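The structure appears below as C-alpha cells.
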Number of protein chains: 2
Amino acid sequence: MYLVNGKEYNCSVAIVQDIFNDKWKLGIIWHLLAGEKRYKELFEEVKEITQKTLTVKLRELEEKQLIAREVFPEIPPKVVYSLTPIGERLRPLLKEMYDWGIDYVQACGEFSTEEGCALTCKDENLGKNE
Amino acid sequence: MYLVNGKEYNCSVAIVQDIFNDKWKLGIIWHLLAGEKRYKELFEEVKEITQKTLTVKLRELEEKQLIAREVFPEIPPKVVYSLTPIGERLRPLLKEMYDWGIDYVQACGEFSTEEGCALTCKDENLGKNE
DNA sequence: CTGCATCCTACATGATACTG
DNA sequence: CAGTATCATGTAGGATGCAG
C-alpha cells in the first residue's frame, strides 16, 4: 500500500496509470527527454495542444515533481522546463513504450514508414546516459 | 508514420498513449498477465469497475488484438479471456511501470508498506518466461 | 454467468480572446 | 513570451435494470 500525493494505491502500477491517464503528459515528458525546453518550444513541439492545456499539464507535472520550472526575470519573460531526477527516470519506461509500439505496428499495423518521429526524441536521446 | 486501427501516428509512443489513455485497460492487462481469466474473475479482481465498463474495455482490447476471447457453449455461459502474443509482449512495459512506481514512492511518497499488490500480479509473474 | 440497454453526469479538453 | 479568463462540449464512466 502506497500513499502518494494524498492518494492511496494498492499497486505501484496504479500510480503510473493515475499520473499518465490523460492525453498530454506522456508527450510532454517525451519532448523533455530531449533536453530542457521553453514554454514556447513545448507549445510548438507538442502537436495540437492548446496553451491552456499545456499550462495545466505543466502545472500538474510540476506538482507531481516530474518536472522543474525555472523562471528568468527578463523581459520578455523566459521560463524553462526540465525533468527532475525521478522524471528523467521515466526514460526506460518511454523506451519500452517506443519499442512495444514498433512491435505492435508489425503485428497489427496496416502501414508504416521510417519518416522520423514527430515527437523529435530520437533513439540516441532515448538511450542517453548522463 | 504509422497507420494502425485506422489511425495515423507520428510516433510509436503515441500508439501506446492512445490505447491506454483510459482508467481500466492497464489494470485488465495486468491481471491477465497472471494467466487467463473468466469474466467474473476479472470483474472481482479489477477493483471498482462496473460490469458495463468491463465489457466495453474487454471489447476494445479484443478489437486492438491485445486479448483473445474464448466462449464455451455451456449453461451457464463460460467466457475466458487471455493475452495474445502482442498482449503478452506488454509484460516488460508493465514491469517498467511497476519498478518506476516503486522508485516514485521512494522519491515522492508519504507512506508505503509491503502488504502486497492488490493487482495480484506478483514479481514471479511479472518476470515469467513461457 | 455474461452480458446489453438506458439514462445521466463530471471532467478533460477545445476555442477564442485577452494581459503583464 | 508566457501565460489567464471564459465559455462550450464530447465522451468516458457510473447507476440501474433487464435478458438469454
Side-chain angles (χ1 to χ4, degrees), chain A residues 5-7 9 14-32 35-64 66-82, chain B residues 5-7 9 14-32 35-64 66-82:
Chain A
N5 301 133
K7 292 184 183 176
Y9 301 93
I15 301 172
V16 182
Q17 147 73 38
D18 196 29
I19 292 178
F20 291 102
N21 182 20
D22 69 45
K23 198 172 168 182
W24 301 107
K25 289 202 206 80
L26 216 52
I28 294 170
I29 295 288
W30 178 259
H31 285 283
L32 288 176
E36 61 178 34
K37 297 272 170 76
R38 299 182 62 163
Y39 179 89
K40 191 194 182 186
E41 294 180 282
L42 286 170
F43 181 61
E44 291 165 350
E45 292 175 10
V46 181
K47 303 296 171 58
E48 316 280 311
I49 199 169
T50 62
Q51 284 195 337
K52 173 197 164 185
T53 301
L54 177 57
T55 301
V56 168
K57 293 305 162 184
L58 287 170
R59 293 292 175 280
E60 289 178 7
L61 286 168
E62 191 187 2
E63 186 203 345
K64 293 177 194 319
L66 300 187
I67 66 173
R69 177 175 183 266
E70 188 179 9
V71 181
F72 294 82
E74 308 171 356
I75 294 180
K78 176 179 174 183
V79 179
V80 171
Y81 294 92
S82 58
Chain B
N5 301 132
K7 291 185 182 176
Y9 300 93
I15 302 172
V16 181
Q17 147 73 37
D18 195 30
I19 293 178
F20 292 102
N21 181 19
D22 70 47
K23 199 172 167 184
W24 301 107
K25 288 203 205 81
L26 216 52
I28 294 171
I29 295 288
W30 177 259
H31 285 284
L32 289 176
E36 58 178 33
K37 296 275 170 76
R38 297 183 61 166
Y39 179 88
K40 192 192 182 186
E41 294 180 281
L42 286 170
F43 181 61
E44 290 165 351
E45 291 174 10
V46 180
K47 305 294 171 60
E48 315 280 312
I49 199 170
T50 63
Q51 285 195 338
K52 174 200 164 183
T53 301
L54 178 56
T55 300
V56 168
K57 293 305 164 183
L58 288 171
R59 293 293 173 278
E60 290 177 7
L61 287 168
E62 192 188 359
E63 186 203 344
K64 292 175 193 322
L66 300 185
I67 67 173
R69 179 175 181 263
E70 187 178 9
V71 182
F72 294 81
E74 307 172 358
I75 294 180
K78 177 179 172 182
V79 179
V80 172
Y81 294 92
S82 58

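Sequence lines set the chain letters: A, B, ... in the order given, protein chains first and strands last, and positions in each chain run from 1. Please read all numbers here as calculations on a predicted model, not as lab measurements.
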Min side-chain heavy-atom separation A/R69-A/L58 under 4.5 Å: no

pair B/K52-B/T50: side-chain heavy atoms closer than 4.5 Å: yes

Rounded distance [0.5 Å steps], CD in A/E41 versus CD in A/E36: 9.0 Å

A/E48 CD: over 12 foreign heavy atoms closer than 6.0 Å: no

Distance test, side-chain N/O of B/K40 to OP1/OP2 of C/dC1, below 4.0 Å: yes

Gap between atom CD1 of A/I19 and atom CG of A/L66 - 0.5 Å precision: 5.5 Å

Using a cutoff of under 3.5 Å, can you pull out all pairs of nitrogen or oxygen atoms linking the protein to nucleotides 3-5 of chain C, with atom names and distances?
residue, atom, partner, partner atom, Å
C/dG3, OP1, B/R59, NH2, 2.9
C/dG3, OP1, B/R69, NH2, 2.5
C/dG3, OP2, B/Y81, OH, 2.6
C/dG3, N7, B/Q51, OE1, 3.0
C/dG3, O6, B/Q51, OE1, 3.4

Span of DNA chain D in contact with chain B (heavy atoms, under 4.0 Å): D/dG13 to D/dG20

Whole-Å gap separating P (C/dC11) and NZ (A/K57): 13 Å

Distance in angstrom units between A/I49 CD1 and C/dA12 C1', rounded: 12 Å

For atom CD of B/Q17 and atom C1' of C/dT13, their distance in whole Å: 13 Å

Note, A/V46 side chain near A/W30 side chain (heavy atom, < 4.5 Å): no

Interatomic distance where NZ belongs to B/K37 and C1' belongs to C/dC1 [whole Å]: 17 Å

pair B/F20-B/I29: side-chain heavy atoms closer than 4.5 Å: yes

A/V80 vs B/T50, nearer the 5' end of DNA chain D by closest nucleotide: A/V80

Sugar-phosphate only, base, or nothing, as touched by B/K25 at under 4.0 Å among non-hydrogen atoms: nothing

All salt bridge (Lys or Arg N to Asp or Glu O under 4.0 Å) counterparts of A/K57, not counting sequence neighbours: A/D22, A/E60

